[in-house]
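Everything below concerns the one structure shown next.
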Amino acid sequence: MKTPAAPGPNSDAVVLTKGTGLGTFGGVYTPSILTILGVIMYLRFGWVVGNVGLLGSLAIVTLANAITFLTSLSICTIATDRVVRTGGAYYMISRSLGIEAGGAVGVPLYFAQAISVALYTIGFAESVVGVFPNLNQQYVAFVTTVAVAILALTSASLAIRAQYFIMAAIAISLVCFIFGPTLPTVEVALWTSDREPFWGVFAVFFPAVTGIMAGVNLSGDLADPVRSIPKGTLAATITGYIIYMILPLLFAFKANPDALINDTSIMETLSLWSPAILMGIWGATLSSAIGSILGAPRVLQALARDGVLPNWMRFVGKGRGADDEPRIGTWVTLVVALGAVALNDLDLIAPVLSMFFLTTYLVLNVVALIEGFLQSPSFRPSFRVNWIWSLLGGVGCLAVMFLIDSVATVVAAVLVLGLYFWLQRRELETAWGDVRRGLWMALLRAGLYQIGNDDPKNWRPNLLVMSGAPNRRWALIQLANDLTHNRGIVTICSVLPRGSRGDEQRASVEQLLRDYLYKRNVQALVRVVTAADPFVGAHQLVEAYGLGKLVPNTVVLGSSENQERRSQYCELIRKIHEGERSLIVLRDGARDGSDDGENGGDRPDEIPTFGRRERIDIWWGGLQNNGGLMVLLAYLLRTDLKWQRARIVLKLMVPNDAAAEAAQGNLDTLVGQLRMDLESQILIGGDRAFPEVLHESSAGADLVMLGLASPMADYFDTPEAYADYYSKFQRNTADLPTTLFVLAAPKFDFSKVLVDQ
């Protein structure tokens, strides 16, 4: 059973209460730019310039901002196509790629936001200890982390209003730095390669440009997120890029590389008024920490309300007050942040955050790429960019992740995929649609137009199973599933009697069949038709079912032993053969009753037996037609786990010893050509009839395969002649283990599938 996602504000069927009404400047631009111009700028940007030189730092800034800018375009595209509610990036991804992909990225995103709190409070503590060296840096970071959490819990609106004063302090600090003094005997280093590696420095710097998520994470609190997110995000991105391109020039021309690397407070030394830098550092780090402590709990709240988190964590999704504040989520985030503070290493935390944010950026670009490429009618963003830019953004994210740390990239991929498959196994149901159906439709369309006529080298059974009610014909479905094991296509069919049953009831029966198959972990399509006669309905399915060139190439029937309907059954076999479809008739060795042939027979609801699945006997009549198809079917069965121990034995009956010697040589040559680990057995009939040899030799098999004669052969000059043949065939094969009667499609050379021509 699928587990429904928990109801709540993120359910698209739920009407949200009005948010706090934050605008573009206060709700998106200000928190984003304050996070961009944060701890990395004040405490690590001089170190960046000192390690890679002026040109290297400009390259890092440009590359990092290019990725951020392209991702911003993708975010703007998604945000202007739908209302973005609580959860920010998680909400965008889950509503486009599904809850599994959203959760797989949303969980790492939450931890990235929560750990960001530690990044900023450690940066704050590092600066404070520089002024007051008697203080313990880790204790200061702990106290600061608790303080910003309490501020977020007691007055989120006060924390947001404080951002304007902090922005003013940062502006003053930058002015003081621009007009500050220059160290004596400065030598400008344009490029250095003998210090820290370029990509290691990039990893430390990259969190500086991840501030675009600060505004997105407050999406549920914006008065008009569709309008505010694009404007505020792009404005903050461009502003940050301009400032970060100017600062390397100032660092390079004001101080030597050694001073930039060794002195984390170099901006104070180079400032016109050093306390202004301290105010800027403290304000930027605290505002960034507040932004993260406000954003992370909202992501966690959205994850809990959508049922992504385990059931015992549903309480995290609760909100309080008119603004639905995530109080419990804030306490949880505080615990995570304090754990990161315990590491007390800014340079260790920054690369980890880079990997988490790059993963989120990558998936956001993929979302915009797929939406833009598919051009679904429902995708109508007011801010539209070409999907090529999203592709470039995604490729850039992936490339940079590998260049920073290939091992960490693989670990991140394993983590995200592990979360994805875990959520997929939980089978969460959602109240919203996503882009995956459109993606599969596009791939299906492309595939259908590329499919030509059957190619022997790529042949696989596309099975049309006339099972009727699956609980009564489970042997047929089990056989089809074993033959394809999720690599071929299986369609389970049923014919309802025409009369009072309308389209609504037919659809209801189809859904019941799908549910029955789903519970038994069988992937198959379902088709139900109505007809006055079951054989007429079966013929209609064979004749009309399919799409373009994608039509069933093999029909699976249950054996009919009902003499009264024998002629109709054999007429269906003839029509299947004339329709150039292969035919498999399953006769269950466990049966002792008879069928009427409707929908493949009429046997009680019991599990059929294929014995121990250890031996398959193929009664050989040559590689062409039936022989080739039987070998293929046996090979496909053995690739299924339940049949992997099965021996495949080719059996051939000859009249005498002289014929046996020649036949053995031919079979041995054939077995070598087929490369399938087959066995061969020559049986000398002598005076015995074939049925006697058949029963004696195959009594211990788990599955027996026999070829059927073509109903279009010249010696079957009337329908009655073929019906008589089939009746005799049934009598001669009675009391065998489970048996397949195989009739290969005409005009298709199965030998080309098996042997290189």
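Just the heavy atoms: all of them, side chains too, but no hydrogens, waters or symmetry mates, feed the values below.
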Throw together a table of side-chain donor-acceptor distances under 3.5 angstrom for residues 63-74, partners on residues two or more places apart or in other chains.
residue	atom	partner	partner atom	Å
Asn65	ND2	Val61	O	2.8
Thr68	OG1	Ala64	O	2.9
Thr68	OG1	Val209	O	3.4
Thr71	OG1	Ile67	O	2.7
Thr71	OG1	Asn365	ND2	3.0
Ser72	OG	Thr68	O	2.8
Ser72	OG	Thr237	OG1	3.2
Ser74	OG	Leu70	O	3.4
Ser74	OG	Asn365	OD1	2.7
Ser74	OG	Ser390	OG	3.0

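Side-chain polar atoms of Thr264 and Tyr42 form no donor-acceptor pair below 3.5 angstrom. Between the side chains of Tyr90 and Asp306, at least one donor N or O lies within less than 3.5 Å of an accepting N or O. The closest side-chain donor-acceptor pair between Tyr110 and Thr333 falls under 3.5 angstrom.
With sequence neighbours left out, the side-chain hydrogen bond (donor to acceptor under 3.5 Å, both in side chains) criterion links Thr145 to Thr121. With sequence neighbours excluded, no residue satisfies side-chain hydrogen bond (donor to acceptor under 3.5 Å, both in side chains) with Asn51.
Within the 3.5 Å criterion, the main-chain N or O of Ala342 finds a donor-acceptor partner in the side chain of Gln138. Judged by distance alone, with hydrogens and angles left aside, the side-chain atoms of Ser288 form a donor-acceptor pair with the main-chain N or O of Leu34 at under 3.5 Å. With hydrogens and angles disregarded, a donor-acceptor distance shorter than 3.5 Å links the side chain of Ser94 to the backbone of Tyr91.
Within a 6.0 Å sphere centred on OH of Tyr139, other residues, nucleotides and ligands contribute 12 heavy atoms or fewer.
Residue Gly106 comes nearest to Leu303 through the heavy atom pair O-CD1, 3.8 Å, listed as atom of the first residue, atom of the second, then distance.
Centroid-to-centroid, the aromatic rings of Phe206 and Phe202 come within less than 6.0 Å.
Figure legend: cation-pi geometry between Lys231 and Phe25 absent, as NZ or CZ is not positioned both under 6.0 Å from the six-membered ring centre and within 45° of its axis.
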